[in-house]
Amino acid sequence: MEIASVIVDVPTKQTDRVFDYIIPEQWGGVIQPGMRVIVPFGPRNIQGFVIGLKAESEIKKLREILEPMDLEPVLNKELLELGDWLTDHTLCFKIFAYQVMLPAALKAKYEKKVKLAADTAVTELPLQLQPFFEHEDMLDWEAALKNGIVPLLQKEAAKGQLEVIYLVKERVKKKQQKYVKPSMTLAELSKEIDRIPANAEKQRQILRFFIENYHEIELRKLVSEVKTSTSTVKALVEKKLLTEFEMEVYRNPFAHRTFERTKPLPLTDAQQTAIAPILDAIERNQHEVFLLYGVTGSGKTEIYLQSIQEVIEKGQEAIVLVPEISLTPQMVNRFKGRFGDLVAVLHSGLSAGEKYDEWRKIQRKEVKVAVGARSAIFAPFENIGIMIIDEEHETSYKQEEMPRYHARDVAIERALNYNCPVVLGSATPSLESFARAQKKVYHLLSLPNRMNNQSLPSVEIIDMREELREGNRSMFSRKLFEMLKDRIEKKQQSVLFLNKRGHSSFVMCRDCGYVMNCPNCDISLTYHRVNEHMKCHYCGYESYVPKHCPECNSEYIRYFGTGTQKVEEELGKILPEARVIRMDVDTTGKKGSHERLLTDFKDGKADILLGTQMIAKGLDFPNITLVGVLSADTMLHLPDFRASEKTFQLLTQVSGRAGRHQLPGEVIIQTYTPEHYSVVLAGKQDYDLFYQQEMLIRKTRQYPPFYYLSLITVSHEQLITVVSEMEKVVKHIRSHVSSGTVVLGPAASPIPRINNRYRYQCLIKYKREPNLIKILKTILDQYQKDTKSGLQVSIDVNPFILM
DNA sequence: AGCACGCCGACT
DNA sequence: GTCGGCGTGCTC
C-alpha cells in the first residue's frame with residue numbers, strides 16, 4: 001500500500017505537521033512529492049502538498065487522497081527542501097513556506113455547497129426549500145446564509161435528503177483558446193472544395209484559405225482573416241472537413257510591445273575587471289557571493305546581462321531580482337531586449353493569470369531568465385547558473401508577513417545547492433553586505449566611476465530653516481525656484497522628489513494641536529482625499545473628517561503633511577507655465593498608467609516630473625538636468641536604527657537621476673537638518689565615509705552588522721497580561737542565552753496598540769547564538785499551542801522594521 | 001481555520 | 001423538558 005505524507009492547507013500550530021493518506025489504486029504511481037492534492041480533513045475537503053511517499057504509517061485509520069490537483073509536481077525536490085529550510089529559519093508554518101513559492105493562482109479557493117442527495121427528488125423537500133433546488137441540485141452555502149434557510153437545510157441533511165459538500169477549486173484556469181485545423185490531407189481538401197454547394201461561397205473561401213495555409217489557426221484569427229463568421233466554420237466542422245480543438249495558450253502581457261534587440265556592449269576596463277571573477281565562478285560552478293558596488297550610472301546592468309549570457313550559453317538558467325518599484329518597463333526592456341523570449345517577468349502589475357503563465361514558462365523550462373520582485377527568487381528552475389539581486393540594499397527584499405524571509409538569504413541558500421554565484425548589486429550597499437565584503441565573506445567588485453567618465457551631478461544642500469528665517473514660507477527654496485525656472489527656459493527637464501514615507505497626511509487642529517487617532521490602535525489616522533475619509537492603516541477603521549475639533553471646537557482643523565497634490569497646486573501658482581506630471585499612488589493606480597506617464601515625460605510632454613519613492617529608481621532620460629529633493633529629512637527621525645542609512649541611500653539614488661547623459665546634472669536637496677552626516681555625505685556622494693561613520697554608531701549601539709537581531713512581539717487585549725507574559729518570555733530567554741547576548745525588554749512596541757490589542761516586544765541582540773532558533777521555537781510552541789489564553793506571539797528573525 | 005461535541009441557561 | 005449559547009479539542 002502506498003501512503004503519502006501531506007502538509008495540509010490549515011495554517012495553525014496544531015496542524016503544522018505531516019498527515020498520512022492512502023493513495024488510492026487509481027492514482028498509484030501518479031501522485032508524487034511536490035504535487036498538490038485534495039484530501040478529506042475532518043468534515044471538509046482541503047488542499048494539501050504531498051511531501052513524501054512511504055509504504056506504511058503508524059496511524060491506523062487512514063483516509064484516502066481524493067484526487068491530485070496537478071499532473072506534475074509544482075514543487076521540485078530542491079524547492080521542497082528549501083521549504084524546510086524556510087520553516088526552520090523563519091519559524092513559520094510549513095504550509096506558508098510552500099505557498100510562498102507558488103504563484104497566487106495555485107492557492108486553493110474553497111466552496112461550501114449543499115447538494116440534493118442522489119436518490120431524492122426536489123418534491124420530497126419542504127415546500128420552502130424547493131425553489132432553491134428547482135434548477136440546480138447544488139446551492140452555495142453563502143446563498144443559504146443570505147436566505148436564512150440554514151436550519152431547514154440542516155434538518156434535511158440529517159434526514160439524508162441533502163448533503164453538505166466541500167469543493168476545492170483552482171483560483172485561475174489555464175487559458176484555453178479555440179483552434180481549427182483541416183481534418184484531411186491537402187489533396188483531399190482540394191477535392192472536397194468542389195463538392196461545396198454553389199451558394200456556400202464563404203465555406204469555399206475558408207477551404208481555399210486552408211489550401212493556401214495548410215496548418216492550424218486560431219478560430220478568431222481565421223474568422224477575421226477570411227471575413228466570415230464562426231457559424232460558417234462550424235458548418236465545415238460538422239461536415240468533418242475541419243476539426244476544432246482547444247489549446248493552452250499563455251496570456252502575453254507584452255503582446256502589444258516590441259522589444260528592440262540589443263547586442264552586448266563593449267565593456268569598459270572597469271567593467272571588464274569586475275565581470276571577470278563572476279564569469280570565472282560561473283565557469284567553474286563555484287558558489288560565491290559577489291557584492292557589485294558601483295555608483296549610479298556605472299554600468300552594473302551590462303555586467304548582469306553579460307553574466308547571464310554566459311550562463312545561458314552554458315545551458316543554465318538565471319534569476320534576477322529587482323525591487324518592485326523599479327520593475328519598470330525600462331528595466332524589463334533591457335532584459336527582453338537582450339534575451340527576447342527567453343525571459344519571464346514576474347511582477348505585481350500582472351494579473352494572477354498572467355503571473356501564473358509566466359511561472360508556467362519557467363516551470364516548463366521554456367525560458368532561461370526569470371526577472372521579478374522578491375518572490376521570483378523561488379522561480380522553479382532546476383539548473384540555476386546565477387542569481388542576481390539588483391539594488392541589494394532595498395528593504396523590500398525582506399517579507400514582513402509569514403514566512404518572514406529575506407530574498408538575499410534564500411538566494412544564497414539556493415546557490416549553495418546549485419554551486420553557482422550570487423551577485424548583489426548596489427550603488428549604496430547595505431551596511432550588512434558591505435561589512436561582509438570587508439571581511440572577505442563576500443567578494444567585493446567595484447565600479448567607482450560613471451560610464452564614459454561623466455561627472456557625478458553637483459549637489460547643493462539648502463537649509464530650509466534659513467529660508468524660513470528670511471521670510472520664505474513656501475516649500476520651494478529660492479534657489480530651487482530659480483533653477484526650475486531656468487530649466488523651463490532652457491527646455492530641459494527636472495525631477496522633483498517628495499519623500500512621503502513616515503509623513504503621511506494626518507488631520508490636526510491648528511488651535512490646540514489635537515491629532516485624530518484611531519480608537520483601536522495607537523496611531524494617527526491617515527487622510528484620504530479620494531473619499532474625504534480618515535483611515536487607519538492597521539485595522540481599517542474609517543471616519544469622516546470632522547468640521548470642528550472634538551477637543552476645542554475650533555474650526556481650524558485640517559489635514560497636514562505635504563502631499564504630491566499640494567506640491568502640484570503650489571507649483572501651478574509659482575510657475576504657471578510649467579507642465580507637470582505627477583506620479584504617485586493616485587495617478588499610477590490603473591494598469592499601464594505608470595508606463596504611460598513615464599513615456600509622456602520622456603517624449604518631452606512635461607517639464608517637471610513630480611513624485612514619491614517610485615521615481616527614485618531606474619529613471620534614465622537624457623534631458624533631466626535638475627533633481628530637487630523637497631525635504632530630505634522626513635524619515636530621518638523615525639524610530640528605526642536604519643533611518644540614517646535609508647536617508648543616505650535614498651538621497652544618493654535620487655541624485656543619481658540627474659545628468660546621466662551628455663548634459664551635466666545638478667541636484668538640490670532641501671532639508672531642516674543640513675548638518676546631519678547622512679545628508680552631508682549623500683551630498684558629497686561619499687559612500688565610504690558614510691559607511692565608516694555609520695559603522696561607528698552601529699558598533700556603540702550594538703546594532704547590525706555587529707549584532708544580529710531577533711524580535712519577539714506579544715499581543716493581548718489586556719495590558720497586564722501582555723506585560724506579565726512578556727516578562728516570563730524575557731526571563732526564559734535571558735536564562736538560556738550566552739552572556740554576550742543582549743536581551744532588551746519587555747518594552748511597549750513603537751505602535752503600542754493595534755486593533756485593541758496591546759503590544760509588547762523584546763529585542764534580542766547577539767553575535768553568536770547557535771541555539772537561539774531552538775529557544776524561540778519552544779516559546780512559539782508554548783504559546784501557539786494553547787489558543788485559549790488569547791495571547792498572540794510573533795517572532796521575526798532578522799527584522800527590518802522594529803514595529 | 002472550521003467544525004463537532006458537549007455542557008449550562010431561557011424558552012415552549 | 002428542549003433549543004441554542006460558545007468553550008474545548010480534533011482533524012491522517
Side-chain angles (χ1 to χ4, degrees), chain A residues 1-25 27-28 31-33 35-69 87 91-100 104 107-115 126 140-145 148-160 162-169 171 401-403 715-718 721 755 757 780-794:
Chain A
M1 186 165 51
E2 244 195 328
I3 289 166
S5 306
V6 175
I7 297 291
V8 292
D9 182 20
V10 184
T12 58
K13 182 82 227 163
Q14 290 155 316
T15 50
D16 184 33
R17 62 191 171 87
V18 161
F19 286 85
D20 290 345
Y21 285 89
I22 294 168
I23 298 176
E25 204 82 357
W27 304 116
I31 289 176
Q32 288 162 36
M35 278 186 184
R36 298 169 306 147
V37 289
I38 299 173
V39 292
F41 197 66
R44 43 202 185 122
N45 299 330
I46 58 169
Q47 189 194 68
F49 287 89
V50 176
I51 59 158
L53 301 178
K54 50 188 178 182
E56 49 193 297
S57 168
E58 307 85 77
I59 307 295
K60 295 276 138 39
K61 35 154 203 166
L62 290 185
R63 295 171 79 179
E64 287 192 347
I65 286 179
L66 292 173
E67 57 179 290
M69 293 181 78
T87 315
L91 299 169
C92 69
F93 301 132
K94 281 229 150 58
I95 190 69
F96 281 140
Y98 295 135
Q99 253 154 15
V100 79
K107 226 182 135 183
K109 214 169 74 183
Y110 298 104
E111 273 175 32
K112 186 175 176 181
K113 295 195 178 221
V114 186
K115 189 173 181 271
D140 289 346
W141 191 260
E142 295 282 316
L145 280 172
I149 52 170
V150 172
L152 271 170
L153 291 172
Q154 280 173 332
K155 211 178 267 170
E156 295 309 302
K159 277 196 271 172
L162 293 175
E163 54 184 332
V164 180
I165 57 168
Y166 300 84
L167 295 176
V168 185
K169 283 196 165 175
R171 227 153 254 263
E401 307 104 61
M402 285 233 254
S715 75
H716 192 270
E717 286 168 20
Q718 231 90 51
T721 320
N755 230 338
R757 298 182 66 89
L780 273 183
D781 280 348
Q782 243 169 56
Y783 285 100
Q784 289 179 339
K785 251 183 205 137
D786 67 327
T787 42
K788 58 175 181 280
S789 69
L791 227 58
Q792 272 173 26
V793 180
S794 87

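In the text below, chain A, chain B and the rest are named by the order of the sequence lines, each starting its count at 1.
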Legend entry - Euclidean distance, atom CG of residue A/Leu62 to atom C1' of C/dC12 [Å, nearest integer]: 6 Å
Inset, instruction - Classify the nucleic acid contact of A/Lys61 as base, sugar-phosphate or nothing, counting any heavy atom under 4.0 Å across all strands shown. - result: sugar-phosphate
Inset, instruction - Let me know which of A/Val8, A/Asp16, A/Val10 forms a side-chain contact (heavy atoms from CB on, under 4.5 Å) with A/Thr12. - result: A/Val10
Inset, instruction - Please indicate whether A/Glu717 has more than 12 foreign heavy atoms, meaning atoms of other residues, nucleotides or ligands, lying under 6.0 Å from its CD. - result: no
Inset, instruction - May I have the distance from A/Lys155 (atom NZ) to C/dC3 (atom C1'), rounded to whole angstrom? - result: 11 Å
Legend entry - Check: A/Ser5 and A/Asp20 side chains under 4.5 Å, non-hydrogen atoms: yes
Inset, instruction - Compare every heavy atom of A/Ile65 with every heavy atom of A/Ala4, then report the nearest pair and how far apart it is. - result: CB-CD1, 3.8 Å
Inset, instruction - Return the value, rounded to whole Å, for the distance between atom NZ of A/Lys13 and atom P of C/dC10. - result: 17 Å
Inset, instruction - For the pair A/Arg36 (side chain) and A/Lys107 (backbone), establish whether a donor and an acceptor sit closer than 3.5 Å, ignoring hydrogens and angles. - result: no
Inset, instruction - Please name all residues satisfying side chain to side chain donor-acceptor pair (under 3.5 Å) with A/Glu2, sequence neighbours left out, ordered by chain then number. - result: none
Inset, instruction - For A/Ile59 and C/dC10, give me the distance from atom CD1 to atom C1', rounded to whole Å. - result: 13 Å
Legend entry - Protein-nucleotide distance (A/Ile65, atom CD1; C/dC12, atom P), rounded to Å: 12 Å
Inset, instruction - Could you run through nucleotides 1-9 of chain B and give me one letter per nucleotide, 5' to 3': B if any protein heavy atom sits under 4.0 Å from the base, S if only the sugar-phosphate is that close, - if neither? - result: BSS------
Inset, instruction - Rounded to the nearest angstrom, tell me the gap between atom CD1 in A/Ile51 and atom P in C/dC12. - result: 16 Å
